[in-house]
Amino acid sequence: VARIWMIWIATRIVQRQCPSIDLGPSQSAIFRSLGIRGSHGSGGTISRYSNQLDRLCRCVFTVIDRSRSPSTFSNHLISDTGPLFEESWRTGQAGLLLGQLEVHQRFFIECLKHAVPIDLRAVAATRSTVRLDLYLFLTYRLYKLRGPLMLPWRTLLAQICIQPPLGNT
């Protein structure tokens with residue numbers, strides 16, 4: 001669920017080139033754009049997805065760079081401010097206005113430098129994590145490709161966490 005939100009946030013940043021993400025007119029609109037059928041209740045998709053978005057936007061990621069001597073670390077945020085999604089979605093109102101998600105400046109810059117626009121229809125149609133990994137990997141590689149590329153099977157399989165049989169390349 002958090003991966004789908006990261007894809008959605010990064011795609012919105014790349015498409016709009018703006019650190020302020022409009023969350024749309026309603027929770028239903030967001031779920032439709034993600035291809036998710038919104039269901040209410042404690043175990044419903046609205047609760048699950050809103051809880052994950054809330055947690056994701058409030059967490060801190062630490063990146064460690066061991067290539068330097070001495071090793072360094074840096075902390076990263078996705079968002080500086082925003083609505084508490086868990087509380088916003090708890091009401092279950094389909095027409096609830098959600099407002100803006102303010103993306104942290106460093107995260108915004110990294111998305112502009114490194115993220116590629118992802119077709120959310122493909123994400124919505126992909127229900128397998130392996131297929132999603134493969135789609136994201138190939139989309140990124142093709143988007144950044146500037147010339148011919150020889151991609152060995154071993155590299156492709158390793159990217160999606162599949163160990164190739166010994167002796168196969």
*In Å and rounded to the nearest 0.5 Å, what is the CD to CZ distance from Q17 to R12?*
13.5 Å
*When rounded to the nearest 0.5 angstrom, what distance separates CG in L145 from CG in L138?*
11.0 Å
*asked:* A side-chain contact here means heavy atoms from C-beta on lying under 4.5 Å apart; do W5 and V1 qualify?
replied: yes
*Value rounded to 0.5 Å, distance of NE2 in H104 from OG in S79*: 9.5 Å
*Just wondering, are more than 12 heavy atoms of other shown residues or ligands nearer than 6.0 Å to CZ in R106?*
yes
*Closest approach of V116 and T11, non-hydrogen atoms and distance?*
O-OG1, 4.4 Å
_Between CG on residue D119 and CD1 on residue I7, distance to nearest 0.5 Å_ = 11.5 Å
*Quick one: does L101's side chain get under 4.5 Å of C57's, heavy atoms only?*
yes
*Please report the closest heavy-atom contact between R66 and S71, naming both atoms and the distance.*
CA-OG, 3.5 Å
*For residues N51 and L53, determine if any side-chain heavy atom of one lies less than 4.5 Å from a side-chain heavy atom of the other.*
no
*Side chains of L120 and W8: does their closest heavy-atom pair fall under 4.5 Å?*
yes
*Would you say I21 and R16 make side-chain contact, with heavy atoms under 4.5 Å?*
no
*Kindly check if the number of other-residue, nucleotide or ligand heavy atoms within 6.0 Å of NZ (K113) is above 12?*
no
*Rounded to the nearest 0.5 Å, how far does CD1 of I13 lie from CD of E110?*
11.0 Å
_Side-chain heavy-atom pair R68, D65 within 4.5 angstrom cut-off_ = yes
_Heavy-atom side-chain proximity of H76 to S74 below 4.5 angstrom_ = yes
_Linked, directly or transitively: V14 and L56 (ILVMFWY side chains, under 4.5 Å)_ = no
*Does L149 belong to the same Ile/Leu/Val/Met/Phe/Trp/Tyr cluster as L142, with side-chain heavy atoms less than 4.5 Å apart forming each link?*
yes
_Let me confirm one number: the CG-CZ distance from D80 to F108, rounded to the nearest 0.5 Å._
12.5 Å
*Report yes if some heavy atom in the side chain of I64 is under 4.5 Å from a heavy atom in the side chain of T72; otherwise report no.*
no
*Okay, side chain of R58, backbone of L77: is any donor-acceptor separation there less than 3.5 Å?*
no
